[in-house]
Amino acid sequence: MTFSTPIGQVPRIGTAYEKKLKKTGITTVRDLLFHFPRTYEDFSKITPIKDLKEGGTYCISGKLLDLKEIRTFKKRMSLITGLVEDASGAVKVLWFNQPYLIDSLKPKDEMYLAGKVLRDKAGIYLSNPIHEKLKEDMEDASLTHLGRIVPVYPETEGMSSRWLRSIIKMVLAQMKEVPETLPEEILHEKKFLPVRQALWQIHFPDSLAEANRATSRFAFEELFYILLFILSERKKIAQVKAPIIPFSAELMKRFTDKLPFHLTDDQKKAAWHILKDMEKPRPMNRLLQGDVGSGKTVVAAMAMLSAVKAGYQAALLAPTEILAQQHHKTVAQVLTPFKITIGLLTGKTDRFISPKLPSDYIEISRSKLLEKVKDNKLQVLIGTHSLIQDKVKFGNLALVVVDEQHRFGVKQRARLLRSATLIPHLLSMTATPIPRTLAMTLYGDLDLSLIIQLPAGRKQIITKIIPPANRPKAYEAIREEIAKGRQAFVICPRIERTEKTPKDTEVKTVREEYEKLSKEVFPDLRVEMLHGKMTTKEKERAMRRFKAGKIDVLVSTSVVEVGVDIPNAAIMMVEGADRFGLAQLHQFRGRVGRAEHQSYCFLFTESNSHTVRARLKALEASTSGFELAERDLAIRGPGDFAGTKQWGLPDFAMHQLTNLELVEQARESAKALLEKDISLKNYPLLREKLADFREKLHLE
Ligand code: ADP
Ligand code: MG
């Protein structure tokens, strides 16, 4: 058995479990061994039976005697009783509703048991304990579930921690050799456990301190790869040339004078950084981070204008078709006064804007469009990922702007070019609030611009959690707003019911909500749908009509998540709010409040769970994406955070991201190693890891 052995080939994992494991993303032995415990339960302390006290939870060890099954006919319950005896005394044990135990337990069995001690008329007893039999050929130390510190795995459907424990233990025992991925000198210097030992200690620790030691090794390792990667990417970039784009204050002034608003100070600062970067002969690699609605697009437009006026081309990549179209329109609006040709290339549509008016676009064939791109006749190309295809070659590309999601490396940038002598500058934009301190550590001051201020005149969005009983009131509020001329979004977690979502589960779907709202709640209003199963034409039409104010209520899936700009929309209703992460909800909320109107965000939830409410309350209390990032981190850890996922970090390492000291250490180690061996010639495993990592981030 090796790390790459498929999970299906592991003994004792049948097809049913194989499926379940795959659903949680575990496909190889490595994935299984790196499925780390969420927490531990300490059953290492064995209490003598004579010391048991009512109300406490204990782990005991002894011999099972007097096993009996009693059926209580009135309650139709199975009851198994027994007596457990150790050197100090004996105690009664009761198992409820586990009739199968009568076959697996045998009198005289030596076993460990753990459970709560309760009292009935006859005295104290151990209630419904978990147990583990001691097999004769086993040492105490090889207990799996009791008599030790026991791993508790993240909750997964149909896979108990007990089952995972046995499987992981068996696999660990069979893995004779585990390749060490960290360089010897780092292991030594940091006093980390070697990988095999660390895997044992993280799953079956001798003590919590050892578990922590193992965890920090793996967390360090993940961070180390990221930093190794970021730093080597940076070194690569420092060795290639980029087009020099002269900064023209006059041009920028003409641009900002034409805007219907004043730039915020943060926007000015970000633009300044970007324009200064592009003056250098090295490719820019800058992250522009700004909350939803903070006005990143206009900053990007300034960079694109600069590039184009210097004789080059610029490309803008959007995560979705709708956003690509929106960018196409808004960028056209601000750039056409400068007589710039702007094209749109998505999976389905190809458009081209003539240099006169934003509305004056013509649809041309894909091949014609690509020809213009190649011949430098098209100055700005906006699109979805279809823009990254091999067929798309730019004649003279100098700037790539990436809006959310796409990750771009040097190679990907080079691929866009017809001739790869120069590498274009890169500006990535994101509303994903990676905690600031962390972003600073990973990117450094040099390559990170933040827009924290929102444009002036924005009203605070009023956010409210709506319990089921207040639904009619919320509908009333929506009706009032619409009467004032506003528009509303209704977001549902699903498009429609499938066989997998039975009728009785409380998941709201676009189709059902649409039916309900259009027929029962707002029969007099214009209600329409938008979701991923509609054709591009249908989606576009819905968006167009909504933008034009021809729809009052748009029932939609999360397709409107990022970036869609409808200034007149003032209400965001989210159904099943508990099914979305805080970051995503914050993104939804960012769809409203983009103009001077008072806006509202209503979060509907049927859940009474305390954590759910705490999470949603955070949203009520704060409108800052950064603050919410920190809070989600505190409430449920960063694993669920929509945006941080794209870093490709496993959950346990995400938790370590708040540990800035560890991040700093990883950075130092990565730097030192690269200085010694830039191409990692002497570290083939590390090189391999890095390649994996690159692939994971879709960089090559
Ligand atoms: P995001 O950062 O979320 O991408 P956008 O670039 O879509 O935000 O901008 C949101 C809205 O704010 C747009 O309608 C844009 O025209 C407007 N906007 C941008 N900057 C300013 C500003 N300084 N003052 C007023 N409105 C602005
Ligand atoms: Mg945007």
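In listed order, ligands and their atoms are each counted from 1.
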Regarding atom 24 (N) of ligand 1: of the candidates A301, A300, G590, P455, which has the closest heavy atom? P455

Measure from atom 4 (O) of ligand 1 to every heavy atom in T297, T264, D403 and give the option owning the shortest one. T297

Counting both backbone and side chain atoms, is some N or O of G295 under 3.5 Å from an N or O of ligand 1? yes

Whether the D403 and H327 side chains hold a donor-acceptor pair (N or O, under 3.5 Å, no angle test) is what I'd like checked. yes

In terms of side-chain heavy atoms, does Q379 have a donor or acceptor partner in T341 at a distance below 3.5 Å? yes

Residues E250 and R254 bridged, charged N to O under 4.0 Å: yes

So is G290 in contact with ligand 1, going by heavy-atom distances below 4.0 Å? no

By ring pair (Phe, Tyr, Trp, His ring centres under 6.0 Å), which residues pair with F261, not counting sequence neighbours? none

F546: partners by ring pair (Phe, Tyr, Trp, His ring centres under 6.0 Å), with sequence neighbours left out: F489

One residue to check: H262. Relative to ligand 1, which of side chain, backbone, both or neither has a non-hydrogen atom less than 4.0 Å away? backbone

